[in-house]
Amino acid sequence: MADVPYRFERTAEAGSLHERYAELGAGEETDDDVAVAGRVMLTRPQGRLAFATLRDSSGQIQLFATEKVTADFETFSRLSQGDWVGARGRVMRTRKGELSVQVHEWVLLAEARRSFGDKWKGVTDTETRFRQREVDLWANERAGEVLRLRSRVVSVLRRRLEAEGFVEVETPMLHVLAGGALAKPFVTHHNALDTDLYLRIAPELFLKRLVIGGFEKVFEIGRVFRNEGLSPRHNPEFTMLELYQAYADYSDFLVLVEQLVAGLASELLSTTVLTYQGRPLDLTPPWRRATMAELVTEATGEEASVHTPVDELRRRVAAAGVDPDPSWGSGKLLLELYEKTAEPQLWGPVFVTEFPAEVSPLSRRHRDDPDLVERFEAVVAGRELVNAFSELVDPDDQRARFEAQAAAKAAGDDEAMVVDEDYLRALELGLPPTAGLGLGIDRLVMLLADVSNIREVIAFPTLRPER
RNA sequence: GCGCCUCUAGCUCAACGGCAGAGCAACGGACUCUUAAUCCGCAGGUUUCGGGUUCGAAUCCCGAGGGGCGCACCA
């Protein structure tokens, strides 16, 4: 390995140089001495002259070296694509008009022993791109742009929520019981306690315990883990925003969601009218609101609701191509019907409201109909982006719902919940009326970045290990 | 988990039953304003792996592995 320094005193970034010297004319040279650093993307040695394109995190700048003014010109002109260098010299613009740093002194900061792919086509092989993300990030500029957008999305979300008085908290990722969602958990083992622990599938129950503890407006942005298959829209670990607000109900969150998402789009993309994968997507509030029953009725042309006779619903579910389990009640049947008939046609943004109580074990019953709950999902670009509800506050009802879940689990549903006594004890201390929501950060970034594969928005997505 | 597609040099790709090739990168050389610089030269391979068919296999068949997409599950 070449001898490289321990630090380099950089005084300018590529991007800011272009702004600062926008007025500098072709062939003009300044007396301004700057020091830049980055990775050499391209070299164009030309005898007693040499050009190199240097990239740092702000952009690109050309290095201009000549035998006359550049120290160790001979070695400079032999730099390889991928080498990191620091260079000091005067800001100038070449006769052909390219803003450059005329290199007086320079130092190799790191040697690239491996290549960065074809200089025109880069690296397109998806496996290489995701297994060696560091290569991808240099070879494909867009890859880095998407991850930077992600960073800004999270940052803007935090800022907006904090401005609204929400407090960010961190709750456990290692759970004794995996609760708060319907999903298969990862299992791990704690040696000293000699007990199995589960990686969290949702922070929900802990966040509500904080509300019980007096945190009236809380949120958490964090990783959750679900032991499910991989797909272009599913990574086993993904990032969720969960948000809880005391004294509010789900209708407050309808407004909050459309404003949060539209606000994010206008702040980061300067518009609320997007194109996602070639299809127009207008995020401008207000978004359409429709109940699940309305959407099913609309899609099938037959009046349907949670009160439609069970046998009739079962018949329609079977007609839609799903084999109904005998244990399913009208709520589960309506949900199945919705997922098979209405949901595939939805593009959104649309709020799907009033879910069946049977499939919503943590949601509060609807004030007008005990078979429904006050819950909505926001479908945006054909995908569920947000799930929110008025929180179930009644400990007796919660126990009954947990027990129904436990029965389903005993009957073979390995995604069903179990009875969480810690949570029930907390509820018995009194949870005030509260609204809660969960939003998939990865999918939100996909939307704003207009990418179709979740792996694009995750720096190091899950892949099967190489053997 | 199931189905379909795919895997050739570091990268991007050809060759599709008959001698494994090109461009870029790398390496050596020429070149004082390049922009994917240009020109000359050189080198680079267990064609993912293991079997089979064939006079002959990167190519056809079977199996394994990786990846992609779809379905299932979900956010």
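Chain letters run A, B, ... following the sequence lines, proteins first and then strands; every chain starts at 1. Just so it is clear, the structure is predicted and the values come from calculations on it, not from any experiment. Hydrogens, waters and symmetry mates are skipped; everything else that's a heavy atom, side chains included, is used.
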>> Tell me whether the NZ or CZ atom of A:R279 lies within the 45° cone about the ring axis of A:W347 and under 6.0 Å from its centre.
In response: yes
>> Whole angstroms only, please: what is the CG-C1' distance between A:D118 and B:C24?
In response: 4 Å
>> With a 3.5 Å limit on both atom pairs, tell me what B:U54 is paired to, counting Watson-Crick and G-U wobble, or say none.
In response: none
>> Check this for me, if you would: do A:E267 and A:R159 make a salt bridge, where the nitrogen-to-carboxylate-oxygen distance has to be below 4.0 angstrom?
In response: yes
>> Only pairs with both distances under 3.5 Å count, Watson-Crick or wobble alike; so what is the partner of B:C69 in this structure?
In response: B:G3
> Any side-chain donor-acceptor pair under 3.5 Å between A:E374 and A:S390?
Replying inline: yes
> In Watson-Crick or G-U wobble terms, both distances under 3.5 Å, what is the partner of B:C24?
Replying inline: B:G10
> Which base sits across from B:U38 as a Watson-Crick or G-U pair, both distances under 3.5 Å?
Replying inline: B:A30
> Hey, does the side chain of A:S80 come within less than 4.0 Å of B:C27's phosphate (OP1/OP2), counting only N and O?
Replying inline: yes
> Are A:Q132 and A:R114 linked by a side-chain donor-acceptor pair shorter than 3.5 Å?
Replying inline: no
> Can you tell me how far P in B:U59 sits from the matching atom in B:G17, rounded to whole Å?
Replying inline: 11 Å
>> Between B:U47 and B:C60, how far apart are the two C1' atoms, rounded to whole Å?
In response: 15 Å
> Can you tell which of B:C73, B:G70, B:A26 lies closest to the side chain of A:P232?
Replying inline: B:G70
> Less than 4.0 Å between a side-chain N and a carboxylate O, is that true for A:R78 and A:E74?
Replying inline: yes
>> Classify A:N235 by what it touches in the nucleic acid, base, sugar-phosphate, or nothing, heavy-atom distance under 4.0 Å.
In response: base
> Will you find, in the side chains of A:S360 and A:R375, an N or O donor that is under 3.5 Å from an N or O acceptor?
Replying inline: yes
> Near RNA chain B, which residues from residues 196-207 of chain A have a heavy atom under 4.0 Å away?
Replying inline: none
> Looking for any heavy atom pair under 4.0 Å, which part of the strands does A:L42 touch: base, sugar-phosphate only, or nothing?
Replying inline: sugar-phosphate
>> Return the pairing partner of B:U48 with a 3.5 Å limit on both distances, Watson-Crick or G-U wobble; otherwise return none.
In response: B:A64
> How is A:E98 classified with respect to the nucleic acid when contacts are heavy atoms under 4.0 Å: base, sugar-phosphate, or nothing?
Replying inline: base
>> Rounded to whole Å, how long is the line connecting atom CD of A:E127 with atom C1' of B:C11?
In response: 14 Å
>> For the C1' atoms, the ones on B:U46 and on B:A57, what distance do you get once it is rounded to whole angstrom?
In response: 14 Å
> Do the side-chain N or O atoms of A:K121 get closer than 4.0 angstrom to the phosphate oxygens (OP1, OP2) of B:C11?
Replying inline: no
> Would you say the side-chain atoms of A:R44 and A:T53 include a donor-acceptor pair closer than 3.5 Å?
Replying inline: yes
> Quick one, which residues of residues 43-68 of chain A touch RNA chain B with a heavy atom under 4.0 Å?
Replying inline: A:T43, A:R44, A:P45, A:Q46, A:G47, A:R48, A:L49, A:F51, A:Q62, A:F64
> What distance, rounded to whole Å, do you find between the two C1' atoms, one in B:C31 and one in B:G41?
Replying inline: 15 Å
> Going by distance alone, is a donor N or O of one side chain under 3.5 Å from an acceptor N or O of the other, for A:E220 and A:Y244?
Replying inline: no
> Can you find an N or O donor on one side and an acceptor on the other, under 3.5 Å apart, linking the side chain of A:D125 with the base of B:G67?
Replying inline: no
> When you check the phosphate oxygens OP1 and OP2 of B:C69, does a side-chain N or O of A:N453 lie under 4.0 Å from one of them?
Replying inline: yes
>> Quick test of your reading of the model: are A:R150 and A:D442 salt-bridged, counting only N-O distances below 4.0 Å?
In response: yes
> Between A:D442 and A:M92, which is nearer to the 5' end of RNA chain B once each is assigned its nearest nucleotide?
Replying inline: A:M92
> Of the nucleotides B:A25, B:A26, B:G66, which has the atom closest to the A:S115 side chain?
Replying inline: B:A25
> In whole Å, what separates the C1' atom of B:G51 from that of B:C11?
Replying inline: 31 Å
> Do A:T434 and A:E391 get their side chains close enough for a donor-acceptor pair, meaning under 3.5 Å?
Replying inline: no
>> For a quick check of understanding: with a heavy-atom distance under 4.0 Å over all strands, which category does A:R114 fall into, base, sugar-phosphate or nothing?
In response: nothing
> Mind checking the C1' distance from B:A25 to B:G44? Whole angstroms is fine.
Replying inline: 11 Å
> In terms of side-chain heavy atoms, does A:Q245 have a donor or acceptor partner in A:D252 at a distance below 3.5 Å?
Replying inline: no
> Under 4.0 angstrom, heavy atoms only, what part of the nucleic acid is A:G122 near: base, sugar-phosphate, or nothing?
Replying inline: sugar-phosphate
> Can you tell me how far P in B:G28 sits from the matching atom in B:C33, rounded to whole Å?
Replying inline: 24 Å
> Which value, in whole Å, describes the distance between the C1' atoms of nucleotides B:A36 and B:G56?
Replying inline: 41 Å
